[in-house]
Amino acid sequence: MKLIQKIRDRMAKAADALGYSAMDVAASVRPCNDPTHGHYQANAAMALGKKLGRPPREIASELAASVPLDGFLAAPEIAGPGFLNLCLTDQAIATGLEEMAASPCLGLEAPSPKRKLVIDFSGPNVAKPMHVGHLRSTILGDGLARLFRTLGHEVITVNHLGDWGAQFGILLYGYKNLLNREAFNADPVKELSRLYVEVRKHFAADDEDEADSVDPVRDACRLETAKLHRLDPENLELWKQFMPSCLEEISKAYNRLGVSFDHIRGESFYQPYLADVAAQLESLKIAEPSQGALVVLYGEKEAPALIRKRDGAYTYATTDLAAVKHRADHFQPTDIVYVVDSRQAQHFKQVFDIAKRWGITGPKLHHVAFGSVLGPDGKPIKTRDGKASTTLEGLLDEAVKLAAKLNAPEANDSAELAVPVLESEEVASAVGIGAVKYADLSQNRTTDYKFNWDKMMAMDGNTATYMQYAFARCRSILRKAGHLEGSPEAKIKVETPEERFLGVMLLRYAEVLEAAAEDFRPNILTAYLWDLAKAFSVFFQNCPVLKAQEEGALHSRIALCALTSKVLEAVLEVLGIRVLERM
RNA sequence: GCACCCAUAGCUCAAUUGGAUAGAGCAUCGGUCUACGGAACCGAAGGUUGUAGGUUCGAAUCCUACUGGGUGCACCA
């Protein structure tokens, strides 16, 4: 059972015995912000005091007197206006750690209820090179998928590619009018992406907003898109010709990032269903004709959702609705999760609303929104104008190069620790890509993301490198001790403040995973990693392991190192970041 | 014009969703230095949480107004 749950149960019992709401009291238990206050705190007394018109400290002391300690908790302390500070006993910490060490999954229990989540993330527009703007959805989505899998839920990952949109109209027009045949044969994706930018230069208006004016090239592109959507043989043939190299291109990026999908289903996959979706929505009176289009109206204040355009083409709302329907029917999930930036909030609000009215009520729909990627100037990087200069590949190359430099032979003074040449490439890749991922995951996902090259590749401070380093040191000790597995049956004793602090931190593992899953927030995991690695550093600095004075302490500390390395590895694994024996 | 989001240390960001003295990293300054791996550790300095009110035991967090930024708003996806 999770640590916090054990404490909540005890507080609930105390509340029950006193006639207070067990649920409220249990819910008021939380980890202490400030470790000097204790391990956990219960904050219910203030609210109860207010409600009952009694001094909160009095209620706190009643709770303190009634809570069953049974060797698990130390006597609670009352502080401030009525905080109840709770500390685990050394015995409880030691026992918890021993149980955790003996458990193959570090004490995680099967979830109840078990969920089945479809997670939709990444979804790049193909035929354009991926750039930093695609990073967040990809890394976040992959991290969340790993997180829910680790917690024991069933996860189906889907990459909803932009493979059927207007960008193909642009490409088709470019291919037919501006193609460099030689360049295309040599590197189709590069040439297609050049065409995309090139064609857009021929648009009369740079901005979509001004698109009403006369614009022959833009109109021609629209025509190509429409022809493709009508399954015009020539355009369809070209589309089929473009796709394999497009897919190959994006899979290169995914391989480097260590990201994979259960299903790659682009917009084109749902294309055959769209007419039926529109027809159903119309016959159910959810959608209605307006100005030649088919729309779902949302009153004066909100723009309508477009289902079918005047020219007969369907929109991405329709595609998303077809996808919801298909996923609900086909996978029967408990949740469908969209990891898409927050600018799509209104779109998803409408799609979710229409889906519900359409009768799709089984799965819970989540828009896991995240902030935009801002350029160094603080302005959002626009992906559509093709101006994004930082390609994903370039970024990853740079990060790996930087990591390799840090790891160069002359930077390593110890022959014993020198990384074999065969491994060094592996190390640079793990460190460099880990740094990039961590930079993204450690930020609160809802706030905007200011892209900063240096920060993204930073390897100081709260970074993946620091965690990988802590792990490598752990492993180094274990290697020297000849206990790589850390002998799971070892007795653990916590006797110093450093051991106590590290021990409680380790015990919080399960609770932290759940907290991160609760709101789809991987930065809770990185914050935990930072706390854990710091706790290990302090322990490591102050408590000799291999030179411990007595045998009991030696084995106990080896076990602590082993457990620390396992937890670091497990959480990094959840984030999709590799660990290293040496670096 | 309508709607939504944001504003926290010099910079980049946290703050477990209303809890204790608002915390980190970088940068700055000082210390550790024959080390169970220096990609490290310890310390200092840095704040009227955009402004003004309000709600309550308690507000960065909730409400109102204002200022400054951003995003979305019928035929792109």
Side-chain angles (χ1 to χ4, degrees), chain A residues 28 30-34 37 41 43 46-47 49-50 56 79-83 85 123 125 162 164-167 169-170 208 211 218 221-222 225 267 290-293 295 300-306 308-311 313 315-317 319-320 341-347 349 369 371-372 374 378-380 384 403 406-407 411-414 416-417 431 439 442-444 446-448 450 452 454-455 458-463 465-466 468-470 472-473 476-477 480-481 511-512 515-516 518-519 521 523-524 526-528 530 534 537-538 540-542 544-548 557 561 582-583:
Chain A
S28 80
R30 58 178 42 211
C32 284
N33 246 335
D34 181 344
H37 292 141
Q41 59 181 258
N43 299 340
M46 279 86 75
K50 181 66 187 170
F83 295 103
N85 289 336
N125 281 337
W164 197 246
Q167 85 269 28
I170 295 175
E208 305 268 350
R218 191 189 292 266
C221 290
R222 283 194 182 124
T225 309
E267 294 164 332
S290 165
Q291 299 177 30
V295 303
E300 292 285 306
K301 298 232 161 172
E302 200 173 325
L306 258 181
R308 189 180 57 225
K309 299 189 285 186
R310 199 159 30 202
D311 65 5
T315 68
Y316 76 137
T319 310
D320 276 340
D341 88 80
S342 44
R343 281 176 292 191
Q344 309 287 344
Q346 199 171 309
H347 165 70
K349 189 172 149 252
S372 311
L374 310 179
K379 300 255 158 115
R384 282 207 303 268
L406 276 172
N407 194 39
N412 234 323
D413 47 4
S414 161
E416 185 212 341
L417 292 165
V431 171
S442 58
Q443 233 149 316
N444 183 325
T446 56
T447 52
D448 280 350
K450 194 174 211 172
N452 177 298
D454 294 334
K455 192 192 174 186
M459 292 166 194
D460 294 334
N462 183 7
T463 62
T465 313
Y466 183 92
Q468 288 166 325
Y469 181 69
R473 288 173 100 174
S476 177
I477 293 174
K480 285 191 178 153
E511 145 196 340
V512 167
E518 175 76 30
D519 285 319
R521 285 182 46 185
N523 75 312
I524 288 183
T526 60
Y528 173 65
W530 177 241
K534 291 278 251 203
S537 266
V538 173
F540 174 85
Q541 203 76 17
N542 295 288
V545 178
L546 299 176
K547 294 173 191 159
R557 287 174 184 177
C561 286
R582 279 176 288 270
M583 57 190 284

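The chains referred to below are lettered A, B, ... by the order of the sequence lines, with proteins before strands, and numbering in each begins at 1. Side chains are part of it too, since the values below use all heavy atoms of this structure and drop only hydrogens, waters and symmetry mates. Computed from a predicted structure; not experimentally measured.
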A:T447 side chain, from C-beta outward: closest of B:A39, B:C41, B:C13:
B:C13
Partner residues of A:T319 under the side-chain contact (heavy atoms from CB on, under 4.5 Å) criterion, sequence neighbours left out
A:H160, A:E267, A:Y270, A:L274
With A:K349, which residues qualify under salt bridge (charged side-chain N to carboxylate O under 4.0 Å, His left out), at least two apart?
A:E302
Polar atom pairs between nucleotides 15-19 of chain B and protein, under 3.5 Å, N or O only, would you list them?
from	atom 1	to	atom 2	distance (Å)
B:A15	OP1	A:R521	NH2	2.3
B:A15	OP2	A:N444	ND2	3.2
B:U16	O4	A:N33	OD1	2.2
B:U17	OP1	A:R30	NH1	3.3
B:U17	OP1	A:R30	NH2	2.6
B:U17	OP2	A:R30	NH2	3.0
B:U17	N3	A:D519	OD2	3.2
B:U17	O4	A:D519	OD2	3.0
B:U17	O4	A:R521	NH1	3.2
B:G19	OP2	A:R30	NH1	3.2
B:G19	O2'	A:Q41	OE1	3.4

Give A:E518 one of three labels, base, sugar-phosphate or nothing, depending on what nucleic acid heavy atoms sit under 4.0 Å from its own.
nothing
Those residues at least two apart in sequence (or on a different chain) that pass salt bridge (charged side-chain N to carboxylate O under 4.0 Å, His left out) with A:R308 are none
Does A:R222 have a side-chain nitrogen or oxygen under 4.0 Å from the phosphate oxygens OP1 or OP2 of B:C76?
yes
Partners of A:A79 by side-chain contact (heavy atoms from CB on, under 4.5 Å), sequence neighbours excluded?
A:N85
Write down the protein N/O and nucleotide N/O pairs, taken from nucleotides 25-35 of chain B, whose separation is under 3.5 Å; answer none if there are no such pairs.
from	atom 1	to	atom 2	distance (Å)
B:G25	OP1	A:K534	NZ	3.4

Sorted by chain and number, sequence neighbours left out, salt bridge (charged side-chain N to carboxylate O under 4.0 Å, His left out) with A:D448 holds for none
So, using ring-ring contact (aromatic ring centres under 6.0 Å, His included) as the criterion, who are the partners of A:Y316 when residues are at least two apart?
A:H347
Check whether the side chain of A:S290 and the base of B:A74 form a donor-acceptor pair under 3.5 Å.
yes
Using only side-chain N and O atoms of A:Q541, determine if any of them is under 4.0 Å from OP1 or OP2 of B:C41.
no
Taking only the C1' atom of each, what is the distance from B:A27 to B:C11 in whole angstrom?
8 Å
Under 4.0 angstrom, heavy atoms only, what part of the nucleic acid is A:Q291 near: base, sugar-phosphate, or nothing?
base
Output the single nucleotide from B:G70, B:G37, B:C13 whose closest atom is nearest the side chain of A:D448.
B:G70
Once pairs are restricted to Watson-Crick or G-U wobble with both distances under 3.5 Å, how does RNA chain B read as a dot-bracket string, [ ] for crossings and | for other-strand pairs?
(((((.(..((((.....[...)))).(((((.......))))).....(((((..]....)))))).)))))....
So does A:S342 get a side-chain nitrogen or oxygen closer than 4.0 Å to the phosphate oxygens (OP1/OP2) of B:C5?
no
A:T463: what forms a side-chain contact (heavy atoms from CB on, under 4.5 Å) with it, not counting sequence neighbours?
A:A458, A:T465, A:Y466
Does A:A403 have any side-chain contact (heavy atoms from CB on, under 4.5 Å) partners at least two apart in sequence or in another chain, and if so, which?
A:A428, A:V431, A:M459
If I pick the P atom on B:G25 and the same atom on B:C42, what distance separates them, to the nearest angstrom?
9 Å
Within less than 4.0 Å of OP1 or OP2 of B:C76, is there a side-chain N or O belonging to A:K309?
yes
Decide yes or no, distance alone: a donor-acceptor N/O pair under 3.5 angstrom between the base of B:A77 and the side-chain of A:Y316.
yes
Using atom C1' of each nucleotide, how far apart are B:G43 and B:U56 to the nearest Å?
39 Å
Start at the 5' end of RNA chain B and walk down; is the nucleotide closest to A:K455 or to A:A472 reached first?
A:K455
P atoms of B:U28 and B:G23, separation to the nearest Å
24 Å
Residues in ring-ring contact (aromatic ring centres under 6.0 Å, His included) with A:F83, at least two apart?
none
